[in-house]
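In what follows, every chain begins at residue 1, and chains take the letters A, B, ... in the order their sequences are listed.
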Protein chains: 2
Amino acid sequence: MAMKRKTLRHYESRAEIAKALAHPTRLLLLDALQKSETCVCDLTDLVGADQSTVSKHLAILKNVGLIACRKEGPMSFYRVTCRCLDGFFTCIETVLKANLDAQRAAAGV
Amino acid sequence: MAMKRKTLRHYESRAEIAKALAHPTRLLLLDALQKSETCVCDLTDLVGADQSTVSKHLAILKNVGLIACRKEGPMSFYRVTCRCLDGFFTCIETVLKANLDAQRAAAGV
DNA sequence: TGGCCATATGGCAATTATGCCATACATATC
DNA sequence: GATATGTATGGCATAATTGCCATATGGCCA
């Protein structure tokens, strides 16, 4: 990797956020948290994985600043911290739709 | 992973696109390709990695429909296919900036 | 045809990500 | 204090990603 160091760091910090977004379970979590602040136990039920797995996914999202945590008694409530996620989701949906269209066109429909 | 199958597939297809975006080299490539259609050799110089490595990164971006390829003689010219990438990049920048602000606030500045 | 250029692909080693189990931790209740 | 509940963390085995080398493929020109 001979990329200029400054440039490399620039893209590395951005890729770290993108990596946090690059997992189906974390996308599901973000979708849920965008609708409403939710505790870990409810999120665990929603995802259907081990509670420790969900906690780790939440930690990944939190570490890059996408979500934040509020403690209430023994429970942790997570919420989305940025209002910019729609820009990301819209982009993904656009690409998906374009792929579907291209697929249909290739099939000659 | 006990997530409902339909839901799982929904988020998996979206995560696949996000995964393609989750690498510093590929973000650099997208940045360059957004500015102008470019051949693999120029992109290889830009990235500073092995040509085969760059080719594989380009293949990943192409497979999820983010870029397309045009052959001209022995050369391949790649370009961005969707106009929605700005939504993604803007989101990332917003998160980065919010993190910086939070960091400064935490430092008491 | 033979050789050269640009690009793509196969293969492999090393790193990283993922998910579960067990367990630690913190809070609340008895 | 003891116990129960909700969450976080350590550890480990498995899987996925990454990057380079070697090589294949395709196009061009002598």
Can you check the K71(B) NZ to dA6(C) C1' distance for me, whole Å? 10 Å
Side-chain N or O of H57(A) versus OP1/OP2 of dG19(C): is the shortest distance under 4.0 Å? yes
Overall bend of the helix from dT1(C)-dA30(D) to dC30(C)-dG1(D) (five pairs an end, 10° steps) is 10°
Using a 4.0 Å heavy-atom cut-off, does S76(B) contact any base of the nucleic acid, only the sugar-phosphate backbone, or nothing at all? sugar-phosphate
Looking at every heavy atom in both C84(A) and V95(B), which two are closest together, and how far apart are they? SG-CG2, 3.8 Å
For the side chain to side chain contact (heavy atoms under 4.5 Å, CB included) test, which of T81(A), L66(A), V80(A) pairs with L33(A)? V80(A)
Between atom NZ in K56(A) and atom C1' in dA22(C), what is the gap in whole Å? 11 Å
Hey, which of these two, E72(A) or Q51(A), hits DNA chain C nearer its 5' end, going by closest nucleotide? Q51(A)
Does a side-chain heavy-atom distance below 4.5 Å link R79(A) with Q34(A)? no
How would you label the contact of K19(B) with the nucleic acid (heavy atoms, under 4.0 Å): base, sugar-phosphate, or nothing? sugar-phosphate
From the options dC21(D), dT7(D), dT7(C), select the nucleotide whose nearest atom is closest to the side chain of V40(A). dT7(D)
Nearest to side-chain heavy atoms of S52(A), which nucleotide of dC21(D), dG19(D), dT9(D): dT9(D)
Atom pair distance, as rounded to whole Å: CG in L61(B) and P in dT18(D): 10 Å
Nearest-angstrom distance from the residue atom CE of M75(A) to P of dT5(D): 13 Å
So, OP1 or OP2 of dC20(D): does either fall under 4.0 Å of a side-chain N or O from T53(B)? yes
Can you check the L58(B) CG to dT7(C) C1' distance for me, whole Å? 10 Å
Whole Å only: how far is the CG atom of L21(B) from the C1' atom of dT17(D)? 16 Å
Passing option when K97(A) is tested against T94(A), N99(A), D101(A) for side-chain hydrogen bond (donor to acceptor under 3.5 Å, both in side chains): D101(A)
Distance-only, no hydrogens or angles: does the R70(A) side chain make a donor-acceptor pair with backbone N or O of F77(A) under 3.5 Å? no
In whole Å, I'd like the distance from the CG atom of D50(A) to the P atom of dC12(D). 18 Å
Between OH of Y78(B) and P of dT7(C) the distance, given in whole Å, is 9 Å
Give a yes/no answer on whether the side chain of H23(B) brings an N or O atom under 4.0 Å of OP1 or OP2 in dG19(D). yes
Quick check: do L21(B) and R26(B) have side-chain heavy atoms less than 4.5 Å from each other? no
Can you tell me which residue among T38(A), L58(A), V40(A), L43(A) is in a side chain to side chain contact (heavy atoms under 4.5 Å, CB included) with S76(A)? V40(A)
Using a heavy-atom cut-off of 4.0 Å across all strands, would you classify F77(B) as base, sugar-phosphate, or nothing? nothing
Among dT7(C), dA6(C), dA8(D), the nucleotide that comes nearest once only the side chain of P74(B) is considered: dA6(C)
Would you indicate whether the side-chain heavy atoms of L27(A) and F89(A) approach each other to under 4.5 Å? yes
